Amino acid sequence: MNDDPAPAVQFLQVSRYFGDVRAVDNVSYAIQDGEFFTLLGPSGSGKTTCLRMIAGFDQPTQGQIKLFGQDVTRLPPYERDVNTVFQDYALFPHMTVGDNIGYGLMIKKVPKPEREKRVAEMLGLVRLHGLERRKPSELSGGQRQRVALARALINHPKVLLLDEPLGALDLKLRQQMQLELKAIQHEVGITFIFVTHDQEEALTMSDRIAVFDLGRIEQIGTPSELYEQPATRFVATFVGTSNIFEGDIAEAITGSRQIFSVRPEKIRIMQPSSEVTNGKFYADGSIHNVIYVGMHTRYQIMLDLGQDVTVVEQNVEASPHADLSALGQRARLIWSSTANSSLAGETSYPAPATPD
Amino acid sequence: MSSLEDSPNIRAEGAKKPSLFRRFSTGLYNRPRLLLLFLLGLPLAWMVIVYLGSLGGLLVQSFFYLDDFTGLVVKRFSLQTYQALLTRAHLEIVGRTVGMAAMITLSAAVLAFPLAYYTVRYASRRMKALLYLLILLPLWSSYIIRVYSWKLILAKEGIISWVIGQIGLTGVLEFVLNLPIIGGPSLSISSLGLFIVFLYIWLPYMVLPILASLERVPGSLLDASGDLGGRPQTTFRYITFPLSLPGVIAGSIFTFSLTLGDYIIPSVIGDSSPVIGLTVYSYQGTSGNIPLAAAFTVVPILIMAVYLISARKLGAFDAL
């Protein structure tokens with residue numbers, strides 16, 4: 001046996017069928033201790049089902065789940081050293097904030113003085129001092145979310161599961177909570193497993209991300225790995241936006257029919273007959289749409305080859321005309337060959353028929 | 001409003017002037033208070049005039065008294081009738097009725113809760129629809145018919161006796177019927193029979209509020225309790241039960257107050273030991289002692305008031 005410590009969570013060929021529907025289809029991965037690991041994907045991709053199976057609310061139809069090397073596949077939730085922050089917070093409405101947070105301790109018969117001390121500590125950690133006596137109905141959404149977090153963390157679980165906890169918050173509060181969660185994770189030092197459909201959120205917070213689609217994992221990697229080198233069409237288009245080239249058009253640009261993707265910010269818009277140096281690809285076309293988005297400007301170019309391409313440029317020099325003058329102009333798009341990311345031929349849904 | 005009608009450029013070409021009904025409905029739309037009055041008018045009238053009014057009339061009657069000599073009601077304020085109420089015999093009647101109501105309420109709650117719990121938490125969608133139907137179905141038939149059906153079922157020649165005879169437990173049945181308080185000549189004329197029929201008739205009224213309150217408990221709360229280390233019985237004790245308690249209390253209000261006042265079931269099934277309902281019936285009927293009947297009626301009202309206030313004080317409605 002190797003000397004590596006057992007991963008915090010291991011999925012071994014786990015499947016979950018609901019009748020004919022394959023919510024989770026033969027999924028295997030390992031999450032290391034102390035990681036901030038995100039399960040990312042659209043609705044119905046199987047990410048929440050996976051989370052529920054780690055918590056114990058759902059059981060796999062096939063396969064094994066291990067926590068720190070121990071097989072927990074058939075263990076009920078109250079016997080796993082795992083706690084969950086629910087999407088609707090699931091705070092007990094008939095108990096005060098203090099009783100909510102102390103619930104796990106109360107069940108374990110921790111004496112009242114110690115319980116109260118630890119509840120106060122937790123409230124400090126989530127920055128909600130002194131709210132022990134309030135009822136959940138008297139709190140704002142952001143406050144309830146922190147209470148849910150405190151309630152889970154007070155039990156010192158080995159793994160914390162978070163099921164889209166920031167979904168109900170408005171943008172500014174959500175961004176603030178993202179950073180706070182990350183800080184708390186570093187302070188507490190345990191494994192966080194986070195479920196979300198928001199790819200920007202995933203990129204911001206995670207050490208590693210598993211991208212789900214239709215019950216399967218498309219790719220696992222660090223945020224930059226996923227973004228810079230997406231392995232499948234789904235990852236390329238779900239995580240950020242991407243320009244995808246295939247078939248004849250791919251061959252015209254690179255000389256090979258291999259499908260590849262290029263991120264919009266990697267492409268430079270140059271004058272029509274600009275020089276193309278070694279190690280660079282190019283394509284000519286006309287700019288037919290210019291959209292100003294404050295921090296950057298988005299251009300859409302129709303290539304002579306017959307494909308629409310999106311290019312994004314930072315508005316480094318603010319101009320009142322915001323380069324709308326570019327509309328209708330001819331341009332040459334140039335990008336480095338290292339910006340190309342080859343996509344696997346087979347994806348989770350069939351690729352559209354390429355014109356022959 | 002009139003400007004809307006007079007300005008022709010607002011309406012489409014060729015549109016007719018709005019009908020009377022349409023103008024009325026728009027008028028109501030613009031005057032929400034008037035609309036509320038219309039909506040609530042009839043129910044309010046019923047509540048105030050018919051219900052509260054008649055209750056008030058009853059209360060007033062209880063302060064009159066019956067002249068023993070003439071047999072007529074004397075319409076002058078007096079506490080005589082209440083004095084007549086507070087005799088030992090009368091208090092025994094009240095005690096017996098309250099005791100019975102309490103027993104039936106408790107038993108109904110004990111029976112109804114598992115049924116409701118299963119329906120909400122475990123039943124498949126089709127099973128749930130079937131169970132709802134089965135619980136509600138008895139309410140579609142006449143109350144009197146159901147009571148008389150039970151009389152037949154419980155009778156000496158009825159099916160229960162027959163089944164008990166078949167399995168050889170007749171001795172047990174006779175032993176039970178010979179017990180002092182709950183026994184009687186036969187099941188259909190005994191307190192035990194009374195208890196069974198009351199329980200059957202009121203059960204839907206206990207099940208439905210409990211169903212409603214259990215449905216309102218989000219599944220994620222039960223998941224959360226399990227996640228935090230709570231075994232099923234812990235989750236039930238700290239989460240499910242407290243949150244469904246308002247439903248149990250609501251059901252108990254039905255069963256308790258309905259039992260306190262009922263006179264039909266005791267007259268059909270009971271062994272004619274007096275209860276509040278029968279007593280009120282006989283006082284206003286045969287003896288024409290309306291004031292005393294009215295005074296007796298005040299008793300369940302007071303009991304229910306005390307019950308509700310205590311329930312509220314004990315926090316039964318906190319989870320509402």
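Letters A, B, ... mirror the listed sequences (proteins, then strands); counts begin at 1. Every value quoted in this text rests on a predicted model; they were computed, and no experiment measured them.
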- Value for CG (B:L222) from CZ (A:F92), rounded to nearest 0.5 Å, stands at 8.5 Å
- Message: Atom CZ of residue position A:R74 - does it have more than 12 heavy atoms of other residues, nucleotides or ligands inside 6.0 Å?
- Response: yes
- Message: Which atoms of A:L91 are under 4.5 Å from chain B, going by heavy atoms: the side chain, the backbone, both sets, or neither?
- Response: backbone
- Query: CE of B:M304: more than 12 outside heavy atoms within 6.0 angstrom?
  - Reply: yes
- Item | Side chain proximity check, A:Y78 to B:P232, heavy atoms < 4.5 angstrom | yes
- Grab the two heavy atoms, one from A:M95 and one from B:Y238, that are nearest each other, plus how far apart they are. CE-O, 3.8 Å
- Does A:E201 have any side-chain hydrogen bond (donor to acceptor under 3.5 Å, both in side chains) partners at least two apart in sequence or in another chain, and if so, which? A:Q178, A:T196
- Item | Contact winner vs chain B - A:L105, A:V85, A:D88, heavy-atom pairs under 4.5 Å | A:D88
- Region of A:Y103 in contact with chain B, defined by heavy-atom distances below 4.5 Å: side chain
- Item | Contact origin within A:N83 toward chain B - heavy atom pairs under 4.5 Å | both
- Query: When heavy-atom pairs shorter than 4.5 Å are enumerated against chain B, which of A:P76, A:P93, A:A55 gives the highest number?
  - Reply: A:P93
- Message: Quick one, A:K108 with B:L228, criterion side chain to side chain contact (heavy atoms under 4.5 Å, CB included). Give me CA distance, side-chain angles, the key distance, then yes/no.
- Response: CA-CA 10 Å; A:K108 297 191 188 77; B:L228 293 164; over 6 Å; no
- Query: chain B heavy atoms under 4.5 Å from A:E79: which part of the residue, side chain, backbone, both or neither?
  - Reply: side chain
- Do other residues, nucleotides or ligands put more than 12 heavy atoms under 6.0 Å from the CG atom of A:L171? yes
- Message: Around atom CZ of A:R22, are there more than 12 heavy atoms from other residues, nucleotides or ligands closer than 6.0 Å?
- Response: no
- Task: First locate atom NE2 of A:H94, then atom CZ of B:F241, and finally report the distance between them rounded to the nearest 0.5 Å.
- Result: 11.0 Å
- Message: Less than 4.5 Å apart, side chain to side chain, heavy atoms only: is that true for B:D227 and A:R80?
- Response: no
- Task: Return the minimal non-hydrogen interatomic distance between A:F57 and B:D223, and the atom names on each side.
- Result: CE2-O, 3.3 Å
